[in-house]
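Within every chain, numbering begins at 1; the chains are lettered A, B, ... in the order of the sequence lines, protein sequences first and strands thereafter. All of these numbers come straight from a predicted model, not from anything done at the bench.
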Protein chains: 2
Amino acid sequence: MANARSASRALSMFETFGAEGRPLLLTELAPLIDVPLSSCHGLVRTLLDRGYLYALSRRRGFYPTRKLYTLAQTIAAKDSYLQRLAPFLERLRDDSGETVIVGTLQGEAVLYLEVLEGPKTIRYSARPGDFKPLHSSAIGKALLSAGGEALWKKLAARPLSDVTVNTITDPAHLRDNLEEGARRGYFVTRGENVSDVTAIATALEVEGMTLGIAIAGPSYRMAETIEAQTGRLLQARSEIEERLG
Amino acid sequence: MANARSASRALSMFETFGAEGRPLLLTELAPLIDVPLSSCHGLVRTLLDRGYLYALSRRRGFYPTRKLYTLAQTIAAKDSYLQRLAPFLERLRDDSGETVIVGTLQGEAVLYLEVLEGPKTIRYSARPGDFKPLHSSAIGKALLSAGGEALWKKLAARPLSDVTVNTITDPAHLRDNLEEGARRGYFVTRGENVSDVTAIATALEVEGMTLGIAIAGPSYRMAETIEAQTGRLLQARSEIEERLG
DNA sequence: GAATAAGTTTCAGTATATTGAAAGATAGAC
DNA sequence: GTCTATCTTTCAATATACTGAAACTTATTC
């Protein structure tokens with residue numbers, strides 16, 4: 001995948017501004033996004049011309065305008081698909097007190113579509129757009145199980161990476177784990193994706209799209225409450241499938 | 001300007017999603033952003049791979065994830081330059097009851113950096129990232145006057161476009177208008193940029209950067225209150241330059 | 001105020017992203 | 001269950017965006 005290069009670079013640029021959080025000179029920006037100076041200049045010029053970047057007074061660098069923000073706001077506000085899920089997810093977050101996540105299969109990974117972080121100070125924290133491995137995340141397991149033999153074969157073609165020390169890297173072991181989850185109706189990861197994090201997940205269909213929905217939190221808290229949390233999760237799934245199916 | 005093509009296309013794509021507000025099929029998206037299907041495919045693939053787009057169930061198209069939104073939020077929250085201006089601008093908007101705008105010179109146009117829309121139903125409405133002509137907008141006149149002879153020459157090299165029927169298109173007339181504004185300390189447009197809109201603006205320096213700040217509203221309302229509004233505008237300028245200079 | 005350093009811009013050759021056309025999937029119709 | 005229309009993906013030729021080096025600015029130092 002080497003096409004749309006400058007599009008990818010533009011995203012890197014915005015991500016860099018987000019990470020640095022301050023105006024950047026061309027000569028600072030170029031190495032940060034690993035782009036030759038002259039190419040970076042062309043990219044910056046394009047974004048200036050389109051109103052996505054503004055130049056501070058000479059020699060003081062550039063920063064994104066609010067144009068990207070208002071655009072992203074408009075886009076997010078019109079995502080009717082996720083919007084319809086929102087009330088159910090909010091309730092689940094409030095009832096569980098933990099972070100609630102919606103993910104989908106993208107390529108051979110889970111793509112997080114929505115993350116509603118719980119109210120606690122110590123909580124599972126992630127962002128929409130993050131990718132997680134199929135074999136180590138709770139949603140990943142749920143989607144893997146729902147994805148059938150074809151998906152399993154794609155995944156098993158390569159060795160399973162060890163994300164943490166607890167990650168299941170043996171295919172046979174993972175298969176057992178998935179079958180167990182399928183029997184129970186929900187899937188669990190205990191520190192397999194992030195140390196000290198336990199998550200439970202299940203798959204569901206909304207308007208023909210297969211989603212994974214999860215409750216995730218620190219293992220010490222999840223351990224005590226896992227039965228109640230599982231009840232809430234499965235309850236939410238039923239409600240969503242019934243109302244939105 | 002023909003470089004960074006795919007970056008520009010990616011922006012067009014996001015703008016199209018914002019305008020359409022619904023998932024789009026590849027075959028819908030490609031003509032909307034005027035890109036060949038195969039190129040559009042490459043672009044979409046890149047954005048999928050980076051987590052900025054998600055695919056609905058097969059054949060139901062794509063839509064941006066919230067990743068762009070959270071990123072833009074982070075970036076906007078860290079714009080310390082505009083952030084420092086915010087309290088002054090908010091006060092000005094509240095006191096004037098009209099839309100307050102901050103713009104800067106970008107190329108040969110005004111780039112809107114911040115727009116705080118007034119509370120009234122009929123109000124001047126615009127977005128950050130918008131470009132406005134130098135010769136017909138109030139901020140444009142303020143920046144044009146501040147920009148000196150060099151800027152004037154660049155502008156006068158081409159004929160002045162007639163944005164509305166009231167736009168001043170005669171350079172000599174415009175010069176008089178600018179001189180008058182420079183004497184008074186503020187610049188006015190009466191339906192020259194948008195019919196029925198009157199705006200007043202002045203230039204100021206904040207941390208070495210020349211900005212234009214404006215109050216804009218429907219002419220019928222601005223006509224009655226222009227003296228009070230001008231007082232507020234110039235007051236705000238003094239305060240900002242004194243505190244942030 | 002001259003010299004120096006730092007940042008910005010330009011340009012032609014070249015690597016490479018883009019394209020059109022055709023093959024490959026997939027969902028729904030019959 | 002087969003067919004058909006529609007959408008998606010691939011691929012090699014080509015147009016073009018990218019690069020490196022050098023010139024040009026503009027701020028800062030001495």
Donor + acceptor pair across side chains of [X], [Y] (<3.5 Å):
{"X": "T202(B)", "Y": "R237(B)", "value": "yes"}
{"X": "N177(B)", "Y": "K141(B)", "value": "yes"}
{"X": "E205(A)", "Y": "T210(A)", "value": "yes"}
{"X": "D79(B)", "Y": "Y54(A)", "value": "yes"}

*asked:* Here's a test of your reading of the structure: between P36(A) and G61(B), which maps to the more 5' nucleotide of DNA chain D?
replied: G61(B)
Could you give the [atom1]-to-[atom2] distance, from [X] to [N], as a whole number of Å?
{"X": "L37(A)", "N": "dC11(C)", "atom1": "CG", "atom2": "P", "answer": "16 Å"}
{"X": "I33(A)", "N": "dC18(D)", "atom1": "CD1", "atom2": "P", "answer": "11 Å"}
{"X": "R60(B)", "N": "dG28(C)", "atom1": "CZ", "atom2": "C1'", "answer": "14 Å"}
{"X": "L43(B)", "N": "dT16(C)", "atom1": "CG", "atom2": "P", "answer": "20 Å"}
{"X": "L29(B)", "N": "dT8(D)", "atom1": "CG", "atom2": "P", "answer": "10 Å"}
{"X": "L25(B)", "N": "dA27(C)", "atom1": "CG", "atom2": "P", "answer": "13 Å"}
{"X": "R9(A)", "N": "dA17(D)", "atom1": "CZ", "atom2": "P", "answer": "14 Å"}

*Check whether any side-chain N or O of H41(A) sits under 4.0 Å from OP1 or OP2 of dT9(C), and answer yes or no.*
yes
Listed nucleotide nearest any side-chain atom of [X], set [options]:
{"X": "L26(B)", "options": "dT8(C), dT8(D), dA17(C)", "result": "dT8(D)"}
{"X": "R45(B)", "options": "dT9(D), dT8(D), dA17(D)", "result": "dT9(D)"}
{"X": "S38(B)", "options": "dT9(C), dT10(D), dC7(D)", "result": "dT10(D)"}

*asked:* Using only modelled atom types and a 3.5 angstrom limit, is any donor from either the side chain of T27(A) or the base of dG7(C) paired with an acceptor on the other?
replied: no
